[in-house]
2 protein chains.
Amino acid sequence: MVMHSSPFAAKLGSYIDLSEPELLVLESLHARRKCYPAGRDLVLQGQPEQPAYILAEGWVCSYRLLAGGGRQIVDFQIPGDFLGLRSVLSRTAGQSVEPLTKVQASLINPQDLMDVFARNPRLGAAVLWAASRDDAMVVEHLVGIGRRNALERTAHLLLELGARLTLVGLGTKAGYDCPLSQYVLADALGLSAVHVNRVLRELREEGLCTFRNGRVDINDFDGLVQLADFDHDYLDHDGPLYQGVQAPRFAA
Amino acid sequence: MVMHSSPFAAKLGSYIDLSEPELLVLESLHARRKCYPAGRDLVLQGQPEQPAYILAEGWVCSYRLLAGGGRQIVDFQIPGDFLGLRSVLSRTAGQSVEPLTKVQASLINPQDLMDVFARNPRLGAAVLWAASRDDAMVVEHLVGIGRRNALERTAHLLLELGARLTLVGLGTKAGYDCPLSQYVLADALGLSAVHVNRVLRELREEGLCTFRNGRVDINDFDGLVQLADFDHDYLDHDGPLYQGVQAPRFAA
DNA sequence: CGGTTCATTGAAGCTCATCAAACCCCGTGG
DNA sequence: CCACGGGGTTTGATGAGCTTCAATGAACCG
């Protein structure tokens, strides 16, 4: 595998082989790269004309607020992921986007993006593919909250994050750095923070994985996979858009 | 509003004004219309090369099965909706699709669809818009299961179905015909069938709505909306994105 | 340093699942 | 025509899984 200068290129590069010119095009999208502090929303739910970004560094979540005051985190974004791609399409943002850490992101001009796709169909295809993977993750999240108990659900989330981070070189089967607080995990898992704490303790005591001090250590990968009924397939297709282009498989 | 011969045209017609030629093109997609019995899956989770359809009559659900034997219904499809559009893009179907009633659907050839979009960008944009609305519904579903209690969640689903049916002329604010069993509702809501029954009783006793004998009667629309924290916006945007502009092209 | 955020643990209670049983409607076949 | 059976609905009883409230400690930070 080629050494990639950005996580975005690393991610797309795992779906299709990227040529030198294509790599340059991807770099050019990062022209307007800026730094944003944690906690101040990048995109606001219900607002029109919201921007889109490519995330270069740091963690972000997209969430929806309820009238009752609760919030549900729909998805996390990690380096290499798009932010607010959907809100470009549908004009009004359905979710808010909040940086969970200090973040570096590149503001994307929708027209530039369209131009790049028009000139580089393979890149367009890869991005569409990535977007469709994101949708699959939302579905998997829905399934988890609807039909998995707290332990399975938490294990599943930790595995999914690990798989995604591994794809961009920020994690391995043995673990990864993870800046999420138990409150944030709770909002994603549909649980209370107190219960998340107990679940993490149980995962630790069972010797499956340890989440402490911003670090997830996976002690028993196979056991965790089995507990969570974790299925790689929804993250790890066979490069679906372009016939004849085989994507390298995610190291399981 | 024009009288539409198909629910599919009715749905798209509510986003953009359809010209006479465009209506004809839409009709042409229904060439291979066939009837399918309830209960036999149209699309199979995990299988490649699955077909896509436009649903003309009857109800369908898309669901995922878990190792433990449970199932989570991700979404319902009603007349005018696409089935399996995503599985055309990503080659492998992420969900199974099962008719809940006897169903009429038109098999869609992906290449025909691409041709139609290339020649009628406005139609392409409207379909993309509809697809993005479907995604928004999945997100709303996720939020409901994660953060709403059984009563709110059920009310929300009944309202959403009502809104969607109204769009294609199959319902009003006062109610609609609904062929779902309490078991099916349970699989969608992440509840047990027994509890769904109790929740429906409570909605009835509170004078909010009555679900009996395949019919949903909404007795207190505003009360139901308030209980469910129901927000039209995610179904009911300000029309499609690229009014009069080129539709983004699918790479394929 | 006092203030804030996060992690941790205990106790009490509510929401919902599970088990079990009865009932209804409806179609089918003796 | 009635017995039978099957799918769906309804209700009760019990308890698991989670939330909520409350309190404490650890880590960080202006």
Side-chain angles (χ1 to χ4, degrees), chain A residues 37-40 59 61 66 68-73 98-102 144-155 157-158 177-206 209-217 227, chain B residues 37-39 59 61 66 68-72 98-102 144-155 157 177-205 209-217 227:
Chain A
R40 212 179 56 214
W59 288 51
C61 71
L66 281 88
R71 82 164 174 177
Q72 175 66 48
I73 292 180
E98 175 190 326
L100 296 167
T101 66
K102 194 154 58 145
I145 293 191
R147 287 294 174 213
R148 282 191 258 258
N149 67 28
L151 199 68
E152 297 163 355
R153 214 186 294 174
T154 307
L157 177 59
L158 294 179
D177 291 324
C178 175
L180 305 179
S181 76
Q182 295 181 358
Y183 288 88
V184 170
L185 278 178
D187 279 345
L189 294 167
L191 299 169
S192 70
V194 172
H195 201 61
V196 166
N197 182 284
R198 290 192 238 270
V199 165
L200 290 178
R201 168 153 53 109
E202 188 168 350
L203 287 174
R204 199 184 318 130
E205 287 172 357
E206 298 286 337
C209 74
T210 310
F211 185 175
R212 228 196 271 261
N213 302 325
R215 173 87 196 161
V216 174
D217 284 308
L227 167 65
Chain B
W59 288 52
C61 70
L66 280 88
R71 82 164 175 177
Q72 176 67 47
E98 174 190 325
L100 297 167
T101 65
K102 193 154 61 144
I145 292 191
R147 285 298 173 210
R148 281 190 258 259
N149 67 27
L151 199 67
E152 299 162 354
R153 212 184 297 174
T154 308
L157 177 59
D177 292 324
C178 175
L180 305 180
S181 76
Q182 296 180 358
Y183 286 89
V184 170
L185 279 178
D187 280 345
L189 293 167
L191 299 170
S192 69
V194 172
H195 201 62
V196 167
N197 182 283
R198 290 192 237 267
V199 165
L200 291 177
R201 167 151 57 107
E202 189 167 348
L203 287 175
R204 201 185 317 130
E205 287 171 355
C209 75
T210 311
F211 186 175
R212 226 196 273 260
N213 300 324
R215 173 88 197 161
V216 174
D217 283 308
L227 167 65

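Because the structure is predicted, anything quoted here is derived from the model rather than measured. Naming: A, B, ... by sequence-line order, numbering from 1 per chain.
For the pair B:Arg212 and B:Asp217, the salt-bridge criterion is not met [side-chain N within less than 4.0 Å of a carboxylate O].
For B:Arg212 and C:dC24, the shortest distance from a side-chain N or O to OP1 or OP2 is not below 4.0 Å. When the side-chain nitrogen and oxygen atoms of A:Arg201 are compared with OP1 and OP2 of C:dT8, none of them lie within a distance under 4.0 Å. Residue B:Gln182 has no polar side-chain atom (N or O) positioned under 4.0 Å from OP1 or OP2 of D:dG7.
The residue B:Leu191 sits close only to the backbone: its heavy atoms come under 4.0 Å of sugar-phosphate atoms, none of a base. B:Gly190 comes within contact range of the sugar-phosphate backbone alone, with a heavy-atom separation under 4.0 Å but no base atom that close.
Atom CZ in B:Arg148 sits roughly 17 Å away from atom C1' in C:dT15 (whole-Å rounding). Atom-to-atom, CG of A:Asp187 to P of D:dT19 comes out at 11 Å; the value is rounded to the nearest Å. Rounded to whole Å, atom C1' of D:dT9 lies 15 Å from atom CG of B:Leu180. Atoms CD (A:Glu152) and P (D:dG17) sit 11 Å apart, rounded to a whole Å. Rounded to whole Å, atom P of C:dT8 lies 8 Å from atom CG of A:Leu200. Remark: P of D:dT9 and CD of B:Glu202 are 18 Å apart, rounded to the nearest angstrom. Rounded to whole Å, atom P of D:dC18 lies 13 Å from atom CD1 of A:Ile145. Between the P atom of C:dC16 and the CZ atom of B:Arg147 lies a distance of 13 Å, rounded to the nearest Å.
For the atom pair CG of A:Leu227 and CG of A:Asn149, the computed distance is 7.5 Å after rounding to the nearest 0.5 Å. Distance CZ/A:Arg71 to CG/A:Asp187: 4.5 Å, rounded to 0.5 Å. Between the CG atom in B:Leu203 and the CZ atom in B:Arg198 there is a gap of 14.5 Å [rounded to 0.5 Å].
Side-chain contact between A:Leu191 and A:Arg153 is present, with heavy atoms from C-beta onward closer than 4.5 Å. Contact annotation: the side chain of A:Phe211 approaches that of A:Leu185 to within less than 4.5 Å [non-hydrogen atoms, C-beta and beyond]. Under the 4.5 Å side-chain criterion, counting only non-hydrogen atoms from C-beta, A:Leu151 is not in contact with A:Glu206. Between A:Val196 and A:Thr154 the shortest side-chain heavy-atom distance does not fall below 4.5 Å.
An angle of 30°, rounded to 10°, separates the two end axes of the helix from C:dC1-D:dG30 to C:dG30-D:dC1, each defined over five pairs.
Contacts with DNA chain C (heavy atom under 4.0 Å) in residues 192-199 of chain B: B:Ser192, B:Val194, B:His195, B:Arg198, listed by number.
Although no hydrogens or angles enter the test, the distance criterion places a donor-acceptor pair under 3.5 Å between the side chain of A:Gln72 and the main chain of A:Ala188.
Closest to the B:Ser181 side chain, of the nucleotides C:dT8, D:dG8, C:dC16, is D:dG8.
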